There are 2 protein chains.
Amino acid sequence: MSGPAAPRRPRRHDPGRRDRLIDAALTVIAERGVAGTTHREIARVADVPLGSVTYHFASLEEVLREAFTRHAEAAAQVFDRRLSAVRDRDAAVEAVISLVAEDLLGSQDDLVLAVELYVAAARNPVLRAVTQAWMQRSRRALERHFDPTTARQLDALIEGLVLHSALSTDPMTPGQIRQAIERYLR
Amino acid sequence: MSGPAAPRRPRRHDPGRRDRLIDAALTVIAERGVAGTTHREIARVADVPLGSVTYHFASLEEVLREAFTRHAEAAAQVFDRRLSAVRDRDAAVEAVISLVAEDLLGSQDDLVLAVELYVAAARNPVLRAVTQAWMQRSRRALERHFDPTTARQLDALIEGLVLHSALSTDPMTPGQIRQAIERYLR
DNA sequence: GGGGAATGTGTACATCCGTACACATAATAT
DNA sequence: ATATTATGTGTACGGATGTACACATTCCCC
């Protein structure tokens, strides 16, 4: 150990601190869950004093709302972009498959955040609105290539595949994902 | 108002109190979520003093584990019973459809408990084991009538349909549930 | 029926949380 | 340059929570 380790917190007046706090909140939610998300934990992760969080946000709910909104926005955007880049239905099917396979094998955090949002939405009207906006947007993206009924059912199937796989001991392989989706779409 | 309303808590020495506490815990989880589940709230719902909860359970986690285990057991049993009562595949499909439609239109609590269990399982190894046992059991039930791959994918589809419908503004109709399942099973 | 074990109860305590708020510092307008 | 505002910081407080524990009551076996 080398001395008392300077506390060193000279980072006064940085713009964009609010943004960093939202990112820190998402990190905390993914790591400890909504239940473990506190002002103090967010401040610790963002390396700012406690008072800074209460200054930038009127309440914890406001932090959660902004964090989940940002996450949903980003996720929906990925969905949108991939599906708007293809023209025919076959390519759309491939896009959906690779999307799911990547979301699955990719960031585990994304799934955790989704589930955390679901349970939070079950009791918080504001977060429920965020969830519904997210769902609606991904459905709209699917409706570029599939009829509304198919889009909705396909959305549900995707959700189930991701959730089921993430909680299972042996995750589904990309091949199984492909098979399930193709079997539904025929 | 008629008087000071007798506090009246003469219920000393009732066997099965532990069971009632587990039921009370499930009620609390469904109403307030895992995050809102505390010793005191469980005691309040079960109408017993605080000390009684800490006497019967070593920790809050033990209460949650027992509660979720009981719920998963009951849910899996329903699944089992319905699917073991039919013989041919067509009847099995109908059983699955009515199962989902009833779980959907029926107890909203069941869905909430499922989602709460999912998020709790994401961070608690003990609860993850409970979840996996539950999943395995429902898969086994499906495997009575479908091959393993189909059973797993169908399980995921069911999960997605239920979850998606419950969080949406306009829930899916039984007809839409039927269509989605039939479309997957062809 | 007596004594030890099991079960039940009330209180107390250390800890953590959200939030409030007084004060400090930097940015900006005049 | 000065005044006004925006931003940042540290501390404090009331409330809730998990758990420990001393004491009461009932059960059960002899």
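The chains referred to below are lettered A, B, ... by the order of the sequence lines, with proteins before strands, and numbering in each begins at 1. The structure displayed is predicted, hence computed values, not measured ones.
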Please tell me if the side chains of [X] and [Y] come closer than 4.5 Å, counting only heavy atoms from C-beta onward.
{"X": "A/Gln136", "Y": "A/Arg139", "result": "no"}
{"X": "B/Phe146", "Y": "B/Val93", "result": "yes"}
{"X": "A/Glu73", "Y": "A/Arg137", "result": "yes"}

Checklist entry - Does the salt bridge (Lys or Arg N to Asp or Glu O under 4.0 Å) test come out yes or no for B/Glu94 and B/Arg89, once each step is laid out? => result CA-CA 9 Å; B/Glu94 286 305 317; B/Arg89 184 184 148 122; over 6 Å; no
Can you tell me the distance, in whole Å, between the [atom1] atom of [X] and the [atom2] atom of [N]?
{"X": "B/Phe57", "N": "C/dG8", "atom1": "CZ", "atom2": "P", "result": "11 Å"}
{"X": "A/Glu62", "N": "C/dG18", "atom1": "CD", "atom2": "P", "result": "14 Å"}
{"X": "B/Arg44", "N": "D/dA16", "atom1": "CZ", "atom2": "C1'", "result": "14 Å"}
{"X": "A/Ile42", "N": "C/dC17", "atom1": "CD1", "atom2": "P", "result": "11 Å"}
{"X": "B/Leu50", "N": "C/dC13", "atom1": "CG", "atom2": "C1'", "result": "13 Å"}
{"X": "B/Arg17", "N": "D/dC27", "atom1": "CZ", "atom2": "C1'", "result": "15 Å"}
{"X": "B/Arg20", "N": "C/dG8", "atom1": "CZ", "atom2": "P", "result": "10 Å"}

Checklist entry - Touch check for A/Thr38, heavy atoms < 4.0 angstrom, all strands: base, sugar-phosphate only, or nothing? => result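 If one applies the 4.0 Å heavy-atom cut-off, A/Thr38 turns out to touch the sugar-phosphate alone, with no base involved.
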Item to check | Earlier contact from the 5' end, DNA chain D, for B/Gly36 and B/Gly51 | outcome: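 The residue whose closest nucleotide sits nearer the 5' end is B/Gly36.
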Item to check | Separation between OG1 of B/Thr27 and CD1 of B/Ile42, rounded to the nearest 0.5 Å | outcome: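 Spacing of OG1 (B/Thr27) from CD1 (B/Ile42) equals 10.0 Å.
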Checklist entry - So, is A/Tyr55 near the phosphate of D/dG8, with a side-chain N or O under 4.0 Å from OP1 or OP2? => result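 No, outside the criterion.
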Checklist entry - Reckon A/His39 has a side-chain N or O less than 4.0 Å from the OP1 or OP2 of C/dC16? => result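 So the side-chain polar atoms of A/His39 never come under 4.0 Å of the phosphate oxygens OP1 or OP2 of C/dC16.
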Checklist entry - Can you tell which of D/dT19, D/dT9, C/dG18 lies closest to the side chain of A/Leu60? => result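 Of all the options, the side chain of A/Leu60 is nearest to C/dG18.
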Next on the checklist: Quick check on DNA chain C: between B/Thr54 and A/Glu61, whose nearest nucleotide comes earlier from the 5' end?
Outcome noted: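 Looking at DNA chain C, the more 5' nearest nucleotide goes with B/Thr54.
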Next on the checklist: Looking at the base of D/dG18, is there any donor atom on it, or on the side chain of B/Arg40, that sits under 3.5 Å from an acceptor on the other one?
Outcome noted: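 Yes, the side chain and the base share a sub-3.5 Å donor-acceptor pair.
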